[in-house]
Amino acid sequence: MLDIKIVRDHQEDIQKALNRRNGQWSIEQLIEVDKKCREIQGEWEALRRRSNEISEQFKTGKVPKDQMDVFRAESKELKKKLEEIEPQLKNLEEERNTLLLSIPNPPDPSVPDGEDENGNQVVKEWGTIRDIKDPKHHYELGAELGLLDFERGVKLAESRFTVLMNMGAKIERALMNFMLDLHGAKGYIEVFPPILVNRQCMIGTGQLPKFEGDFYKVEEEELYLVPTAEVPVTNLYRDEVIEETKLPVYHCAYTPNFRREAGAAGKDTRGYIRQHQFNKVELVKFSLPENSEEEHEKMTCDAEAILEALELPYRRVLLCAGDMGFSARKCYDLEVWFPAQGKYREISSCSNFGDFQARRTNLKYSPTEGGKPKFMHTLNGSGLAIGRTLAAILENYQQADGSVKIPDVLISYLGGATFLRKAEPAKASV
RNA sequence: GGAGAGGUGGCUGAGUGGUCGAAAGCGGCUUCCUGCUAAGAAGUUGUGCGGUCAAAAGCUGCACCGAGGGUUCGAAUCCCUCCCUCUCCGCCA
């Protein structure tokens, strides 16, 4: 959320920054509503003031007996006027608030111009792409090896749901543990949050009110299935003031994630890349404003460390202003190599939100120097999307004989197994 | 699901119509004192929004005692609705 005071004082700068984003974002209406709102607020307060004065007269016994009715009448009159103004004021305040919540974070100056993914900049490449003859797609390998059952996923739910079987289920679980362990060793404190969150959480991190249709909602309770662990974990300390000395705070969390993928019709319909339900380990940081840039770089490296440990070739991409998500001020995507597709695909997104989310969640720290609490900065990044990691492993580690080698770091998580092969008939699912 | 209790400032906890933005204690901050990370004394200490100001400070106005309505000249206090928390019983992984 933008700071309305900053918007008032730096209209041009804010508008310029927003213009770099994709879509039409104007603060014009906001400025207008804000102006009206303050006008009405002034009127309202003046009436209240007079009303308070009258009460004060009564309180101190200054009202002559024969004047009481006159004062009472005036007070009633004031109340009438207040009742006329109040709905206006409320509407304007609400409108202003909705507008504030609906405007995205202005991009950081270090974010390059660009309208879409074509404007993104590759800033790093890592790993050696393996030479694989006629590589199979992960969904072919997954089906052949009895790891991924797409048909039955559809039967149980609908399209974009998949059943993991046998070693597929085990690898998914192994990856979860491996990632959490690695991050835990770096000081990320593990969290296992609720998977259903209330509306305020969704507003806090920026999913709502702008993208209402993108999420699964439990109507009866007005709860939402989390689209990412970012939502509950960032909201952990909502409405709290943390001592400066306790910052930065690092958290990692595994959760399943649920997304309706409303705008993705026809995209990635095959395979395990784009699901309505997927697993992910998320990194979340709470930082002092002056350190958030550095923390962003470090956090991105922490996500990369997973790919490096798994020896999966990847590249880091600095997103351009037009391609960034709503709440981000600056964002790196990590993209992993998919041999069968012959291209890199997103597997992690690491963002610095500045104080954008902290404003929405009222998330402050108290400076050691003293003084009033200030908004902190929040960051998060996937570390990593587990389903896509599994898919990348299948494709990158496939062997000529149709088997898949298991990455070294996962062997100990899989009871010493070193290869994925077609299950023996007795053990295979039917 | 049934029964009961309760939601007040960073915390504990008073307060049943005006003297309450709110006692007291704790904590925090400032100063003083004490020959030393103890003890004591005094003072101070909520948040948000608006106005004034180049800005900050200051000054000033309004609001806030779970949320929303109502009664009243006036509500933390009375009435109504809702939300949440806790305890007991039931049920349950």
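A, B, ... follow the sequence lines: proteins, then strands. Residue 1 opens every chain. Hydrogens, waters and symmetry mates are skipped; everything else that's a heavy atom, side chains included, is used.
Comparing the same atom, P, in B/C83 and in B/U47 gives a spacing of 32 Å after rounding to whole Å. Here, B/G68 and B/G15 have their P atoms 25 Å apart, quoted to the whole Å. Nucleotides B/G28 and B/C11 are separated by 11 Å at their C1' atoms, to the nearest Å. Remark: the separation of the C1' atoms in B/G17 and B/G13 is 22 Å, to the nearest Å. Across B/C26 and B/U44, the matching P atoms stand 16 Å from one another, rounded to whole Å. Separation of the P atoms belonging to B/U12 and B/C86 is 14 Å when rounded to the nearest angstrom. Taking atom P in both B/G74 and B/U19, the straight-line distance is 14 Å, to the nearest Å. Here, B/G43 and B/A75 have their C1' atoms 33 Å apart, quoted to the whole Å.
Searching all strands for a Watson-Crick or G-U wobble partner of B/G1 with both distances below 3.5 Å returns B/C89. Across all strands shown, B/A24 is found opposite B/U12 as a Watson-Crick or G-U wobble partner, with both distances under 3.5 Å. For B/A76, there is no paired base (Watson-Crick or G-U wobble, both distances below 3.5 Å). Across every strand in view, B/G40 sits in a pair with B/C32 that passes the Watson-Crick or G-U test at under 3.5 angstrom. Summarising the base pairing, B/G6 is matched to B/C84 through a Watson-Crick or G-U wobble pair whose two defining distances lie under 3.5 Å. Using Watson-Crick or G-U wobble geometry with both donor-acceptor distances under 3.5 Å, B/G58 finds its partner in B/U52. Here B/C65 sits opposite no nucleotide as a Watson-Crick or G-U wobble pair (both hydrogen-bonding atom distances under 3.5 Å).
A straight line from CD1 of A/Ile40 to C1' of B/G51 spans 16 Å, rounded to a whole angstrom. A/Leu92 places its CG atom 14 Å from the P atom of B/G50, with the value rounded to the nearest Å. Atom pair A/Glu86:CD and B/A63:P shows a separation of 11 Å (rounding to whole Å applied). Computed from coordinates, the A/Glu43 CD to B/A63 P distance equals 16 Å when rounded to whole Å. A/Glu220 has its CD atom 17 Å from the C1' atom of B/G1, to the nearest Å. One can place OH of A/Tyr365 at 19 Å from C1' of B/G10, the figure rounded to the nearest angstrom.
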For nucleotides 71-74 of chain B, which of its nitrogen or oxygen atoms have a protein nitrogen or oxygen under 3.5 Å away, and what is each distance?
unit_1 : atom_1 : unit_2  : atom_2 : d
B/U72  : O4     : A/Lys79 : NZ     : 3.4
B/C73  : OP2    : A/Lys76 : NZ     : 2.9
B/C73  : O3'    : A/Ser75 : OG     : 3.3
B/C73  : O2'    : A/Ser75 : OG     : 2.8
B/G74  : O4'    : A/Ser55 : OG     : 3.3

Can you name the atoms? Protein N/O to nucleotides 45-49 of chain B N/O, anything below 3.5 Å, with the distance.
unit_1 : atom_1 : unit_2   : atom_2 : d
B/G48  : OP1    : A/Lys364 : NZ     : 3.3
B/C49  : O2'    : A/Gln41  : OE1    : 3.4
B/C49  : O2'    : A/Gln41  : NE2    : 3.0

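Just one of A/Glu77, A/Glu74, A/Glu45 meets the salt bridge (Lys or Arg N to Asp or Glu O under 4.0 Å) condition when paired with A/Arg50; it is A/Glu74. Results of the side chain to side chain donor-acceptor pair (under 3.5 Å) test with A/Lys330 over A/Ser292, A/Ser351, A/Ser110 single out A/Ser110 as the only residue that passes. Considering A/Thr205, A/Thr378, A/Asn235, A/Ile203 in turn, A/Ile203 is the only one that fulfils the side-chain contact (heavy atoms from CB on, under 4.5 Å) rule with A/Arg360.
Residues that satisfy the side-chain hydrogen bond (donor to acceptor under 3.5 Å, both in side chains) test with A/Glu93, not counting sequence neighbours, are absent from this structure. Among residues two or more places apart in sequence or in another chain, the side chain to side chain contact (heavy atoms under 4.5 Å, CB included) test is passed with A/Gln29 by A/Val33, A/Glu95, A/Leu99. In this view, A/Phe215 satisfies the ring-ring contact (aromatic ring centres under 6.0 Å, His included) rule with no residue, not counting sequence neighbours.
Within a heavy-atom distance below 4.0 Å of RNA chain B, no residue of residues 189-204 of chain A is found.
A/Asn19 and A/Gln15 are linked by a side-chain donor-acceptor pair at a separation below 3.5 angstrom, with hydrogens and angles left out of the test. Side-chain polar atoms of A/Tyr250 and A/Glu295 form a donor-acceptor pair below 3.5 angstrom. A/Tyr254 and A/Glu190 share no side-chain donor-acceptor pair at under 3.5 Å. Checked by atom type, the side-chain pair A/Glu282/A/Thr255 shows no donor-acceptor distance below 3.5 Å. Counted by atom type alone, A/Arg199 and A/Tyr224 present one or more donor-acceptor pairs between their side chains at under 3.5 Å. Side-chain atoms of A/Glu53 and A/Gln57 form no donor-acceptor pair, as typed in the model, at a separation below 3.5 Å.
Checking side-chain atoms of A/His296 against main-chain N and O of A/Cys350 turns up a donor-acceptor pair under 3.5 Å.
For A/Asn52 and B/G61, the shortest distance from a side-chain N or O to OP1 or OP2 is not below 4.0 Å.
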